[in-house]
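See structure below.
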Amino acid sequence: MYGHYNPPFSVEQEGIVISVTKIGEQWIYRRTLGTDNVEKIILGDEKRLIINPVEPLNTPKEITPNLLIEFEKILLLAAGAKRKIFLTFPIEIGVFIADKGDKNLQLLDVLSLVRQKFTLYGEVSNGVICKHWKSQIYSISPSPNPLQEGVIELTLRNASSDWASISKVVFSAYGMKLYYAGDVFTRARMDILNKNTAETGFELQYLSGELKSSPLKDFKTRKEAFGVYSLQKLGFAPLKFYMGWGF
Amino acid sequence: MITNLDLLDIGLPTLDGTVTLGSVLKFILILSFSILLAKILSLYLRRSLKDRVSKDMAETIIKVFYYGMLTIVFLSNVSLIGIDPSAFLVAGGVTGIILGFASQNIVGNLVSGFFLMVERPIKIGDQVQISDVSGYVTDIRIISTHIRTFEGLLVRIPNQQVFTTNITNIVGHPVRRFEYTIRIRYSDDANAAIWLIKDIIDKEPFALLNPSPSVFVSDLGESSVNISVRIWAPVNEWFGIKTRILWNIKQALEENGIEIPLPQRIIRIQTDFQKVPEELKPVKEIESILNYEERVLS
């Protein structure tokens, strides 16, 4: 389903029907998912639609930029160790409209096929609300349904002098960059600073060199997805997340 | 003959020199221009701060900038109307006392407004309850705070009152809890009801996983088993969830044959065919009653 579409078109997959048809001088965008229907009128020619995975923080309503991934099992990381693990994370499907050459990008619609749930990270008085997701820990990249889940390659670094017991990781979506081909992929890191604090962030570099030639996708070049958060003016929004209430 | 220009030179002698009509006009002009410029710059500042900082923070920055600029312009040009700016410092104490007595309320509100901006117990956009007024904070000015009540009325509360009274900030914390008591019949399975309620909570995205919700039998009432349901939700979403979940619980329980009982009272009527009407019964002589007077007198 992911890709660029020139109207008129119709695409259907896993119960999602997206179409753009011309009625008179107007283009009509229609999307159906179960009982949820969206219909919008587009005034403008020579436009094209881009369907790609976006940050999982827009549905049912954007109330937080933070994503909390809870591990199925607690992970213990030795002092001073650096390891790579793979996790899954939820995907939302973003539909954008743009001029030719992907200029003047505008978000048209966002939908999700996965369970939505929120949680609080931290204390009731000063914690932060996060979108919640539960993931298994994989040593090699899993192959989930790319319309529902993506894969995070998470590099864990324990800079403390103690064992670190990790049960969750929180990310800020402002730094999230998604790449897609047959799967949806992103890279992140978690630096454990001491027993209770850690810093997380997404790797911002474009897929080139090392990652393109990664054995995980040694023959594919992933495309960088347009994100909903990258459309917004970032202002002073932090790209890293400081986990001060434990992990 | 006095021309218009000569009129501008007519002056009043002061301690620091002569104040002419021209200098007064110049002072008014500078002040007016400064107000205009401050407003334009505030507008520009508001635009550039939009999407960069929160609305209430932006408003505070703009107000500090606006009044700061006007104060600087006023003090640097006040000599035009014959007032020495240094006199403010010298006469500050005395002036302060006089002003304090003359305008207690205004100064009190002003100082309270300053502390409200510094301490920030409430922010623009917060849902609050101040005294008996509940609503959204629409503006925090230097003298007063404006509240839009939930009914849509504008209430202006002097800052002194805001600062000295109890403030309940409904959105002061990121999450809040709400609670229901669901009553079911004694003949219904309470465990099944609890399972159904937990399932509904689990399907609601904004019912938080942590702090976890709790569903338990809290009371065995006169005509029902009472189940307490406690759910945490984001402060900006709690009311919508509260109304939505309650109706979903009612529907789910009814679909599964669990009913919410009406208040009931069981009356047992005992039928005894051997029973003789009271008036036909022979009156027994009760010694304690018969001898009552004797006993009392003795």
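Convention: sequence-line order gives letters A, B, ...; per-chain numbering from 1.
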Exercise for the section: Could you pull out all residues at least two apart from B:Lys203 that satisfy salt bridge (Lys or Arg N to Asp or Glu O under 4.0 Å)? Expected result: B:Asp199
Exercise for the section: Kindly indicate, with the supporting measurements, whether the criterion salt bridge (charged side-chain N to carboxylate O under 4.0 Å, His left out) is fulfilled by A:Lys195 and A:Asp162. Expected result: CA-CA 7 Å; A:Lys195 206 171 182 179; A:Asp162 297 310; 5.9 Å; no
Handout entry: Interface moiety of B:Ala233 toward chain A, non-hydrogen atoms closer than 4.5 Å
Key = neither
Problem - Which atoms of A:Ile129 approach chain B - backbone, side chain, both or neither, heavy atom under 4.5 Å - result: side chain
Completion exercise
In terms of heavy-atom contacts, A:Pro146 and A:Tyr2 come closest through O-OH, 2.6 Å
Fill in the blank from the handout: From the list B:Arg148, B:Arg156, B:Lys63, side chain to side chain donor-acceptor pair (under 3.5 Å) partner of B:Asp139 resolves to B:Lys63
Practice task
Among the options A:Asn126, A:Thr119, A:Leu68, A:Ile63, pick out the one with the most heavy-atom pairs lying under 4.5 Å from chain B.
Solution key: A:Thr119
